[in-house]
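A quick write-up on the structure given underneath.
Residues take their numbers from the sequence shown, with the count starting at 1.
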Amino acid sequence: VNYFTQFGSGDILLAPSSTSTINVPVSGEQEFTRRLTGAGNLVKTGQGILLLEGEGAAHTGTVEVSAGTLKIGAQDVLGDASLVRLTGGTLAVNGFAETVGALDVDGNAVIDLSGGPSSLTFAESSGQTWGATSLTITGFVPGVTSIRFGTNGSALTLDQLSKITVNGGAATLSSTGHLDTALPPEWSSTYPKADTLSSTGFTIRVRIPEDGTAYYVIVPDGEGAPS
């Protein structure tokens, strides 16, 4: 059942200084195909999934996720200047590329980058006062998905950065504003390995799912690896 068919088609205008709430109280995914416009505010509530599919949003207000999941279902469904406020729930990028305004976090929330080459670009957000919260980034794959704040390493405060985890590890912010994880990369499946063994040598093969350099150390038999 799609609970939003009664809204009709075409643009939906969010009037300035107004707040509209879309509640998805049930499990499953509910499509919302109308394009967001105007300067008013939109709040997603309920434990269900709201799939935004209205391409080319011209919205400049606030989009808030308080519960459940707000899932991107097409290109540019959020306004380039829309403030994104997370007070709970999940923002799922779902393999699309989105550019939005600043990020405000006022509850424990998740940004999910899984589903493809997700790219999420926020405006400079250091001026936002985040609450005593945590922001969990999941589905981050270096070189495949990306999340960025502004254009430099000052786009988040140190306090904001300390509240973010990426794939379970502490977050870092590059000089270009790209979020990364402080965790070392994990080996790809079946690596590292040695093959083409002979009486005089062998080949060491390594693979990690990102650009980088692998190093190896040869130690005498029976000794442990250096830390």
Side-chain angles (χ1 to χ4, degrees), residues 29 49 51 65 69-77 84 86 89-100 103 105 108-122 125 133-227:
E29 194 170 88
I49 301 171
L51 182 67
V65 182
T69 298
L70 181 64
K71 186 176 181 180
I72 307 301
Q75 205 69 31
D76 298 323
V77 297
V84 176
L86 302 179
T90 298
L91 174 62
V93 187
N94 193 31
F96 291 96
E98 278 289 339
T99 296
V100 292
L103 175 65
V105 183
N108 296 331
V110 175
I111 294 177
D112 181 8
L113 298 176
S114 65
S118 299
S119 174
L120 184 58
T121 301
F122 292 102
S125 301
T133 60
S134 65
L135 175 61
T136 301
I137 311 295
T138 62
F140 177 75
V141 179
V144 178
T145 63
S146 70
I147 181 168
R148 186 179 188 183
F149 292 86
T151 58
N152 57 57
S154 300
L156 290 175
T157 66
L158 291 178
D159 180 65
Q160 288 171 327
L161 196 59
S162 71
K163 295 174 180 177
I164 303 175
T165 59
V166 180
N167 292 351
T172 62
L173 194 67
S174 74
S175 60
T176 58
H178 288 89
L179 204 66
D180 206 338
T181 175
L183 290 173
E186 295 183 357
W187 297 113
S188 298
S189 178
T190 74
Y191 290 87
K193 62 184 178 182
D195 60 14
T196 61
L197 299 174
S198 72
S199 60
T200 59
F202 59 91
T203 300
I204 296 176
R205 300 190 184 278
V206 298
R207 180 179 293 174
I208 55 177
E210 61 184 89
D211 294 336
T213 303
Y215 298 90
Y216 65 90
V217 177
I218 298 176
V219 297
D221 185 33
E223 291 193 11
S227 60

[X] side chain vs [Y] backbone, donor-acceptor pair below 3.5 Å:
| X | Y | answer |
| --- | --- | --- |
| Thr165 | Gly168 | no |
| Thr90 | Ala92 | no |
| Gln160 | Thr157 | yes |
| Thr69 | Ile49 | no |
| Ser118 | Leu113 | yes |
| Glu98 | Asp76 | yes |

Could you pull out the closest heavy-atom pair between [X] and [Y], with the gap in Å?
| X | Y | answer |
| --- | --- | --- |
| Leu179 | Phe149 | CD2-CE1, 4.3 Å |
| Leu91 | Leu120 | CD2-CD2, 4.2 Å |
| Lys163 | Asp159 | NZ-OD2, 3.2 Å |
| Ala171 | Val166 | CB-CG2, 3.7 Å |
| Gly73 | Asn94 | CA-ND2, 4.4 Å |

Student check: side-chain heavy atoms of [X] and [Y] closer than 4.5 Å:
| X | Y | value |
| --- | --- | --- |
| Ile137 | Asn167 | no |
| Ile204 | Tyr191 | no |
| Leu86 | Leu103 | yes |
| Arg205 | Thr203 | yes |
| Ile147 | Thr145 | no |

Is there a side chain to side chain contact (heavy atoms under 4.5 Å, CB included) between Leu51 and Lys71? Walk through the geometry before answering. CA-CA 5 Å; Leu51 182 67; Lys71 186 176 181 180; 3.8 Å; yes
Leu158, CG atom: more than 12 neighbouring heavy atoms under 6.0 Å: no
CZ (Phe202) with more than 12 external heavy atoms under 6.0 Å: no
Suppose we screen for side-chain contact (heavy atoms from CB on, under 4.5 Å). Which residues come up paired with [X], at least two apart in sequence or across chains?
| X | result |
| --- | --- |
| Thr138 | Val110, Asp112, Thr136 |
| Thr121 | Thr99, Ser119, Arg148 |
| Ser134 | Asn108 |

Steps toward side chain to side chain contact (heavy atoms under 4.5 Å, CB included) verdict (Thr181, Phe140): CA-CA 9 Å; Thr181 175; Phe140 177 75; 4.2 Å; yes
Please round to the nearest 0.5 Å and tell me the distance separating atom CG of Leu161 and atom OG1 of Thr172. 7.0 Å
Thr151 vs Thr176, side chain to side chain contact (heavy atoms under 4.5 Å, CB included): CA-CA, chis, key distance, verdict: CA-CA 5 Å; Thr151 58; Thr176 58; over 6 Å; no
